Number of protein chains: 2
Amino acid sequence: MSSSSIRRYHTAKKIQSAAIALAVKNGLNNITTEAIACAAGVSARTFFNYYPYKEAALMGPQPDYPEDAAELFINGTGSLLADLRELISVHISRFLHEREMLGHLLKLSETDPKLTALRNNAVLARRGKMAGLLQRRLPDTDPRMIDILASAIIAATNNATQSWALGVSEDFVEAAMENLSLILPAARLLEEDD
Amino acid sequence: MSSSSIRRYHTAKKIQSAAIALAVKNGLNNITTEAIACAAGVSARTFFNYYPYKEAALMGPQPDYPEDAAELFINGTGSLLADLRELISVHISRFLHEREMLGHLLKLSETDPKLTALRNNAVLARRGKMAGLLQRRLPDTDPRMIDILASAIIAATNNATQSWALGVSEDFVEAAMENLSLILPAARLLEEDD
DNA sequence: TGATTCTGATGCAGTCACTGCAATTTGGCG
DNA sequence: CGCCAAATTGCAGTGACTGCATCAGAATCA
């Protein structure tokens, strides 16, 4: 990452945390982009150089799986489950210090429909990334199956993210593995009669 | 449904189809809410009585699973898969005549990021509905499993919707069943070594 | 060091999305 | 025909967002 990108990332984060702090205090509808920009120490115009609209600022810069860990996952030789554990564990390690902010964001997106939409969008974007990784790891698999598996994995890790960010569970990775282990029994429900 | 609700629904649809038609011709960014309202034969103000923002008009009124079919599914006695087939088959039957418009909408949402977000949001909203139905059908199941299963089901039916609306497959229900049958093998991938 | 150049920040002006309110019309119903 | 509730509309105002021209700072090079 070039030094200018680091600088950009930092400013983006500063705007995000200002936006979340203000939204938590006053409600998303009662704060203006100008107020956010001002609290973040940039001009109103600069705000829009970083985020195309107000709600996007709350979501912040969208993180991807780290490239090296992704490579390891693609070429992994263990079971899918075991290698997945490595991947998400490296992924989450970068956000351990943002737990509180993430919790606020989750609560905010429960109240505001536009934020809900953006969060859902972020979830499905991540699903796309996961599907890409899976497809490269299992090149001969039916893409429709890849898609379905990716959905299940993201649903599982999302459960974990939420319970971690909202303080229900302490260890993210453990919660994630627990959820992931539910995928197979969940799928089995389909074929059983009740 | 009361007669006034029917009227409302009809107007909502009229606005939606005007919006999609204009967006297909000129691009979503080059049309104003006023132009959409005018093309739909309502005032600019009325537009916002139906949709809170421009992009929402393209998505139209969000359909839910029909109540009677949902009841049947909840109390169904066949395998989950078989009863699911009934449910989605009744669900889709109401939209068979909108295939072309749906195709346009899907293509539009590939180009515009806000529309992508809304579409993804609609998908996850539907996942929530599906999870609700599943939970009532299988009351003693771990909610986390329900969530995961709902995700997989929605991913599968979504695949089907897309290939149907874009003209790849002719029979929606058949495509959906094919996708649903991939859920279990997809889940099995998790535990295998490669 | 001083000239240059490039990236990012800013101010300004304009357009249009969107809202609240108050008035009017419409369509159903006795 | 007359009444009521729902739907439609106009209007005026706020603020989100854009294009453009300019400006400050930092890196590069002679």
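Every heavy atom of this structure was used, including side-chain atoms; hydrogens, water molecules and symmetry mates were not. Everything numeric here is computed off the predicted structure, so don't read it as measured data.
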For the side chain of [X], counting heavy atoms from C-beta on, which of [options] is nearest?
{"X": "B/Y50", "options": "D/dC17, C/dA17, D/dA7", "result": "D/dA7"}
{"X": "A/K54", "options": "D/dC17, C/dC18, C/dG27", "result": "D/dC17"}
{"X": "A/N49", "options": "C/dT10, D/dA7, D/dC17", "result": "C/dT10"}

Value in whole Å for how far the [atom2] atom of [N] lies from [atom1] of [X]:
{"X": "B/H10", "N": "C/dT26", "atom1": "NE2", "atom2": "P", "value": "18 Å"}
{"X": "B/D112", "N": "D/dC17", "atom1": "CG", "atom2": "P", "value": "13 Å"}
{"X": "A/E55", "N": "C/dA17", "atom1": "CD", "atom2": "C1'", "value": "12 Å"}
{"X": "B/F48", "N": "D/dT8", "atom1": "CZ", "atom2": "P", "value": "15 Å"}
{"X": "A/R7", "N": "C/dG8", "atom1": "CZ", "atom2": "C1'", "value": "7 Å"}

Nucleotide N/O to protein N/O under 3.5 Å, stretch nucleotides 12-14 of chain C:
none

Can you name the closest pair of heavy atoms from [X] and [Y] and give their distance?
{"X": "A/G78", "Y": "A/R137", "answer": "O-NH2, 2.9 Å"}
{"X": "A/L166", "Y": "A/G103", "answer": "CD2-O, 3.9 Å"}
{"X": "A/D147", "Y": "A/A131", "answer": "OD1-CB, 4.2 Å"}

Original post:
Just to confirm, is there a sub-4.0 Å distance from OP1 or OP2 of D/dT8 to any side-chain nitrogen or oxygen of B/T46?
Top reply: no
**OP:** Give a yes/no answer on whether the side chain of B/Y53 brings an N or O atom under 4.0 Å of OP1 or OP2 in C/dT19.
**Re:** no
Subject >> Side-chain (A/T116) to main-chain (A/S109) donor-acceptor, under 3.5 angstrom >> reply: yes
Do NZ/NE/NH1/NH2 and the carboxylate oxygens of [X] and [Y] come within less than 4.0 Å?
{"X": "B/D64", "Y": "B/R126", "value": "no"}
{"X": "B/E55", "Y": "B/R119", "value": "no"}
{"X": "A/E34", "Y": "A/R45", "value": "no"}

**OP:** Name all pairs fulfilling the salt bridge (charged side-chain N to carboxylate O under 4.0 Å, His left out) condition that reach into residues 89-100 of chain B, sequence neighbours left out, sorted by first residue then second.
**Re:** B/K13-B/E98, B/R99-B/E170
**OP:** For DNA chain D, determine which residues of residues 12-39 of chain A have any heavy atom closer than 4.0 angstrom to one of its atoms, and list them numerically.
**Re:** A/I31, A/T32, A/T33
Subject >> A/Y53 six-ring face occupied by A/K114 cation (under 6.0 Å, within 45°) >> reply: no
